[in-house]
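As the structure lists them, so they are numbered: ligands from 1, and atoms in each ligand from 1.
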Amino acid sequence: MNASTAPVRGTEGAGAPLVVIDHVDKHFGELHVLRDITTTVARGEVVVVIGPSGSGKSTLCRAINRLETIDSGIISIDGHVLPSEGRELAKLRSDVGMVFQSFNLFAHKTVLENVTLAPIKVRGLSRKDAEKRAMELLERVGVANQAKKMPAQLSGGQQQRVAIARSLAMEPKLILLDEPTSALDPEMINEVLDVMVGLAKDGMTMIVVTHEMGFARKAADRVIFMADGRIEEEAAPEAFFNNPQSPRAKDFLSKIL
Ligand code: ADP
Ligand code: MG
């Protein structure tokens with residue numbers, strides 16, 4: 001293990017937070033998109049991130065998974081700071097599942113292949129074992145009967161559930177979902193949210209960027225409200241929705257509720 005992946009003191013072990021974000025700053029050129037972000041996510045915790053468009057929610061998610069670099073600060077997962085590149089990065093990144101707004105399935109692979117590809121290639125699972133596990137996961141998200149189809153033959157809601165199954169196939173320690181229902185037709189939103197509520201109940205650690213306040217109330221342990229690259233407010237959902245403290249949060253909630 002090299003220095004860049006050495007455990008961060010105080011962040012190892014079962015009682016420690018799974019994700020530590022410590023004084024993180026990030027610019028895109030002149031634009032200061034993450035400003036002194038500091039928070040932690042406990043094992044099994046479900047954190048919902050909300051805030052106006054452009055407030056840095058996606059950038060934060062991408063930084064946690066090292067799809068974006070950060071200028072300063074520390075992000076660690078299970079006690080390990082993500083290096084910026086190399087084999088260690090690939091390994092540590094597989095600890096984090098990521099589900100995007102635009103399902104991002106491999107268009108030329110079947111549903112089943114989408115779920116087995118990484119476990120076979122990255123984890124070295126046999127095809128048989130990977131397929132057995134994949135079918136269990138497709139069952140769990142309610143699309144096992146679509147396994148042989150190509151993604152384009154599925155509805156948006158089904159595709160997004162496949163994307164969730166695909167991320168679970170790598171047995172991640174954490175799942176990041178960035179507006180997973182924003183691209184869906186309204187009648188498909190609930191089938192995806194139901195899967196997410198199920199994951200939350202099963203104890204999966206989740207960071208979810210969403211405008212679905214019903215999900216936040218039902219499943220979140222904590223809400224993080226971001227505005228202009230800062231964490232403006234962090235609270236339990238009840239407290240946040242019933243009694244927001246910051247003017248920005250009050251204004252935001254008045255527009256969406
Ligand atoms: P959110 O997800 O909250 O809508 P983002 O994290 O996507 O916000 O974006 C935060 C800000 O950073 C926005 O002003 C956006 O335009 C800008 N931004 C995002 N990605 C890039 C990029 N790759 N290059 C330059 N600016 C970017
Ligand atoms: Mg975004």
*asked:* As a quick check of understanding, evaluate side-chain hydrogen bond (donor to acceptor under 3.5 Å, both in side chains) for Glu234 and Thr39, giving each step before the final call.
replied: CA-CA 9 Å; Glu234 270 185 90; Thr39 192; 2.9 Å; yes
*Does Arg166 count as lying over the ring of Phe106, i.e. NZ or CZ under 6.0 Å from the six-ring centre, within 45 degrees of the axis?*
yes
_Residue pair Ile37 / Ile21: nearest heavy atoms and the distance that separates them_ = O-CG2, 3.5 Å
*Do Ser182 and Gln101 have side-chain atoms, one donor and one acceptor, less than 3.5 Å apart?*
no
*Find out whether the Lys NZ or Arg CZ of Lys250 is both under 6.0 angstrom from the six-membered ring centre of Phe252 and within 45° of the ring's axis.*
no
*Is the backbone of Gly157 close enough, under 3.5 Å, to the side chain of Gln160 for a donor and an acceptor to pair up by distance?*
no
*Protein residues near ligand 1, heavy-atom distance below 4.0 Å?*
Phe28, Leu31, Val33, Pro52, Ser53, Gly54, Ser55, Gly56, Lys57, Ser58, Thr59
*Within less than 2.8 Å of the Mg ion (ligand 2), any N, O or S from Ser58?*
yes
